[in-house]
4 protein chains.
Amino acid sequence: MGSTPQPRRGNTRQRIQDVALELFAEQGYEKTSLREISEKLDVTKAALYYHFKTKEDILISIFEDLNRPVEELIAWGKEQPRTLETKKELLIRYSDALAAAAPLFRFMQENQATVRDLSIGETIKGRVVTLVDLIKEPDAPLTDQVRCFTALFTLHAGMFALKDFDGDPEDKRKAVLEVAFDLITQAHGPDPAS
Amino acid sequence: MGSTPQPRRGNTRQRIQDVALELFAEQGYEKTSLREISEKLDVTKAALYYHFKTKEDILISIFEDLNRPVEELIAWGKEQPRTLETKKELLIRYSDALAAAAPLFRFMQENQATVRDLSIGETIKGRVVTLVDLIKEPDAPLTDQVRCFTALFTLHAGMFALKDFDGDPEDKRKAVLEVAFDLITQAHGPDPAS
Amino acid sequence: MGSTPQPRRGNTRQRIQDVALELFAEQGYEKTSLREISEKLDVTKAALYYHFKTKEDILISIFEDLNRPVEELIAWGKEQPRTLETKKELLIRYSDALAAAAPLFRFMQENQATVRDLSIGETIKGRVVTLVDLIKEPDAPLTDQVRCFTALFTLHAGMFALKDFDGDPEDKRKAVLEVAFDLITQAHGPDPAS
Amino acid sequence: MGSTPQPRRGNTRQRIQDVALELFAEQGYEKTSLREISEKLDVTKAALYYHFKTKEDILISIFEDLNRPVEELIAWGKEQPRTLETKKELLIRYSDALAAAAPLFRFMQENQATVRDLSIGETIKGRVVTLVDLIKEPDAPLTDQVRCFTALFTLHAGMFALKDFDGDPEDKRKAVLEVAFDLITQAHGPDPAS
DNA sequence: TATGAATGAGGTTTCATTCAT
DNA sequence: CATGAATGAAACCTCATTCAT
């Protein structure tokens with residue numbers, strides 16, 4: 001446990017992102033100061049500015065890095081046939097993506113007001129719409145659109161809001177997915193084969 | 001008499017709450033400063049402190065005032081038999097309550113990180129749990145609990161997130177309620193009479 | 001000499017302007033920090049911001065206050081016949097105005113680069129042009145225009161640059177005015193009466 | 001070979017000076033940061049420190065390089081007889097020197113407050129005095145001293161302040177020189193031969 | 001019922017500068 | 001000949017809050 005001032009490693013940028021996300025998710029964006037981040041890293045505030053242009057920039061970079069899987073998921077989804085199987089697969093993969101970047105998505109859930117007028121706000125809004133589009137049938141009635149939207153939202157909610165319920169986390173995740181499946185299955189309409 | 005916009009004496013407290021809520025909902029709690037509020041009211045910052053002890057106090061007072069209907073709803077719910085009809089009525093009334101105090105609930109949705117460590121945070125969390133308890137069957141399996149939770153959440157989401165979808169607002173509200181009904185009906189289980 | 005924390009007098013705004021101008025003139029605008037100003041006044045930085053919106057605002061307010069005499073002089077000049085007598089009177093009055101607000105004009109001389117892109121920059125440039133217009137004949141040849149411009153400029157230079165020459169200040173001022181008179185007399189052209 | 005804009009090795013020092021002077025003249029010394037300079041050169045800040053010890057050092061080096069002609073002019077002037085012809089020649093050469101290093105002199109005019117307490121401040125002040133000494137008669141009355149000083153100052157002013165007047169630049173320069181000639185001729189006193 | 005004046009803490013950001021590589 | 005990474009100081013500015021009047 002070398003306590004001597006450790007050599008400047010090349011991973012400072014990454015460490016800033018890690019600590020920042022941790023604090024952003026824990027306390028909120030505005031309540032997290034750059035002083036706090038830098039102290040936790042044992043670095044000066046100015047060092048943050050060597051790696052990122054602004055505070056917002058830190059957040060954006062985190063978002064861009066962690067969000068890639070979702071972008072890829074959407075790209076994948078666009079090339080699949082719009083079958084019920086595909087939709088289910090989409091939900092599963094989306095659920096995985098959320099779990100993989102849980103702190104980021106928790107942060108986004110709990111800081112919508114902040115995220116909204118950051119430059120990433122529009123990106124996010126657009127993404128939700130796109131995802132719903134991939135899941136709903138082209139001319140689905142409003143009720144079914146709501147079902148699709150709710151299915152997605154349930155996945156999100158499952159991440160942070162269900163913490164207060166008891167039960168095994170893995171069980172919960174399955175339960176959430178099951179409900180989401182139900183919703184999109186209903187929205188998908190009767191199997192044309194029947 | 002006197003058609004000039006009178007300074008309306010006596011209702012300053014109310015006006016502060018109105019303007020504050022408007023700004024909180026629009027920009028978020030932390031990004032709204034007391035200066036901004038007081039300027040919009042054409043009053044000094046110090047005046048705010050005559051009516052409220054702190055900034056947080058303004059928010060709490062708003063919450064307490066607007067939240068009463070929900071408290072009453074819960075009280076009402078606790079005295080009803082746990083029938084499907086009651087549950088539906090609960091959802092309808094809750095939906096009405098949300099609509100009646102839309103800006104407050106929008107604010108709470110979009111500022112969870114902030115609300116969480118304000119003194120009202122615990123209150124809110126407890127309330128959601130209580131509501132779910134009123135809707136779900138005592139020993140409902142996890143999946144059904146999720147359904148109940150999702151039903152409630154859908155009502156919330158319907159308020160702000162569906163703004164980006166097109167369609168008549170009234171239609172949307174109906175669609176949202178319909179989906180919520182479906183969810184709790186499923187969770188309610190088969191009619192024991194059958 | 002009460003050394004106890006003196007009561008908040010109503011002249012803080014004025015005192016800020018005085019101290020600020022003194023420091024701006026002495027060290028330059030950018031090299032004078034708000035910390036310095038506030039310390040010299042035994043007041044917090046925040047107090048400065050109670051009275052002025054920004055650092056630039058302090059300067060602008062000083063300029064607007066001290067510059068009024070010059071504006072009035074120009075207004076006066078515009079209503080006079082363009083005789084040689086008028087022109088001389090203009091120079092005398094201008095010289096007086098400069099002397100009355102010496103620190104401000106010294107500041108402006110020595111911080112042109114700064115003043116240029118402050119919001120008062122344009123105002124100042126326009127003012128010089130207007131003054132020259134009042135002194136030169138409508139269709140004066142270039143040489144005479146330069147003479148008029150130089151006459152004005154000599155007054156300015158007389159304030160700060162001549163400090164390094166020896167001689168009684170009052171004598172210097174007279175000498176400067178005499179040279180300026182010569183210049184505009186030459187530029188005024190031969191007396192039409194002759 | 002290779003027509004692509006080559007990194008021109010070896011002349012970095014010169015390029016730094018060029019860019020720095022350009023920015024100093026345009027924006028002022030304090031408002032120009034080393035970051036800005038280095039970015040415009042597509043070089044790191046640290047590179048500047050390889051070539052110059054400090055920011056001030058950059059300015060000093062520019063001054064020393066560009067100022068040599070003026071030093072030489074003064075040296076030349078000191079060896080000439082103090083005739084009117086000599087004085088005129090001095091003005092012409094000085095005017096040429098100013099034109100040749102216009103950005104530097106513009107910078108010095110507009111950043112007097114800054115230049116004053118840089119180490120070159122004294123040098124400059126001394127130089128003006130020396131120049132006036134070369135032009136004025138040993139025991140000239142104050143008025144004539146002012147004339148000489150004004151003559152020099154007019155040359156300076158002609159460079160930057162006359163930009164706002166219309167007219168061909170070359171014409172302006174001639175006009176400025178003519179006025180300066182007039183001033184020193186007057187100050188030179190009656191030709192003793194007459 | 002309010003205001004005018006001020007504070008103390010803290011925010012984000014920028015700067016000139018250093019130094020090992 | 002130059003860079004990458006970092007620092008310490010200080011800049012401007014904003015905020016919630018206080019209190020005498």
Side-chain angles (χ1 to χ4, degrees), chain A residues 5 7-13 16 30-38 41-58, chain B residues 7 9-13 16 30-38 41-58, chain C residues 5 7-13 16 30-38 41-58, chain D residues 7 9-13 16 30-38 41-58:
Chain A
R8 290 114 188 239
R9 297 195 254 106
N11 60 344
T12 302
R13 194 188 143 95
I16 292 173
E30 350 259 351
K31 286 224 286 278
T32 302
S33 69
L34 297 185
R35 180 182 52 70
E36 218 175 342
I37 297 176
S38 67
L41 283 167
D42 207 37
V43 165
T44 50
K45 271 180 290 172
L48 305 187
Y49 279 91
Y50 175 75
H51 292 281
F52 300 93
K53 266 211 318 277
T54 69
K55 185 186 180 185
E56 183 175 343
D57 210 44
I58 299 180
Chain B
R9 308 220 300 115
N11 61 347
T12 301
R13 194 188 144 94
I16 292 173
E30 350 260 348
K31 287 222 289 274
T32 301
S33 69
L34 296 187
R35 179 179 54 67
E36 217 175 343
I37 296 176
S38 65
L41 282 166
D42 209 35
V43 162
T44 31
K45 262 185 295 177
L48 305 186
Y49 279 89
Y50 177 81
H51 292 281
F52 300 94
K53 256 199 345 260
T54 70
K55 184 186 180 184
E56 184 174 343
D57 211 44
I58 299 180
Chain C
R8 293 113 187 237
R9 298 195 252 105
N11 59 346
T12 302
R13 194 189 144 96
I16 293 173
E30 349 259 351
K31 286 224 287 277
T32 302
S33 70
L34 296 186
R35 182 182 51 71
E36 217 175 344
I37 296 176
S38 67
L41 283 167
D42 206 36
V43 164
T44 50
K45 268 181 291 172
L48 304 187
Y49 280 92
Y50 174 74
H51 292 281
F52 300 94
K53 265 208 319 274
T54 69
K55 184 185 180 185
E56 182 175 344
D57 210 44
I58 300 181
Chain D
R9 307 223 298 115
N11 61 349
T12 301
R13 193 188 144 94
I16 292 173
E30 350 260 349
K31 285 220 290 272
T32 301
S33 70
L34 295 187
R35 179 180 54 68
E36 216 176 341
I37 296 175
S38 66
L41 282 166
D42 209 36
V43 162
T44 31
K45 263 185 295 176
L48 305 186
Y49 280 89
Y50 177 80
H51 293 282
F52 299 94
K53 256 203 340 263
T54 71
K55 184 186 180 186
E56 184 174 343
D57 212 45
I58 300 181

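Just so it is clear, the values below take in all heavy atoms, side chains as well, and ignore hydrogens, waters and symmetry mates. So you know, we letter chains A, B, ... as the sequences are listed, proteins then strands, and number each from 1.
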Taking all atoms of both residues into account, what is the closest heavy-atom pair of B/K31 and B/E36, and its distance?
O-OE1, 3.7 Å
Can you see which heavy atom on C/T32 is nearest to which on C/K55, and at what distance?
O-NZ, 2.9 Å
Hits for side chain to side chain contact (heavy atoms under 4.5 Å, CB included) against D/S38, two or more places apart or cross-chain, chain-then-number order -> D/K45, D/L48
Could I get the full list of side chain to side chain contact (heavy atoms under 4.5 Å, CB included) partners for A/F52, not counting sequence neighbours?
A/R13, A/I16, A/Q17, A/D57, A/I58, A/S61
Over how many whole Å does the gap from [X] atom [atom1] to [N] atom [atom2] extend?
| X | N | atom1 | atom2 | value |
| --- | --- | --- | --- | --- |
| C/R13 | E/dA6 | CZ | P | 12 Å |
| A/Y50 | E/dA16 | OH | P | 17 Å |
| D/L48 | F/dG4 | CG | C1' | 14 Å |
| C/I16 | E/dA6 | CD1 | C1' | 11 Å |
| D/I58 | E/dC15 | CD1 | P | 14 Å |
| B/L41 | E/dA2 | CG | P | 11 Å |

One should read off an interatomic distance between B/L34 CG and B/L41 CG, to the nearest 0.5 angstrom, of 11.0 Å
Using a cut-off of 4.0 Å between protein heavy atoms and nucleotide atoms, how would you tag nucleotides 10-17 of chain F 5' to 3' with B, S and -?
BSBBBBBB
Residue set satisfying side-chain hydrogen bond (donor to acceptor under 3.5 Å, both in side chains) with C/K53, at least two apart, ordered chain then number -> none
Counting runs of three or more consecutive pairs, Watson-Crick or G-U wobble, with each distance below 3.5 Å, where are the stems of DNA chain F?
E:2-21 with F:2-21
Does B/T12 put a side-chain nitrogen or oxygen below 4.0 Å from OP1 or OP2 of E/dT1?
no
Under 4.0 Å between a side-chain N or O of A/H51 and OP1 or OP2 of F/dG4?
no
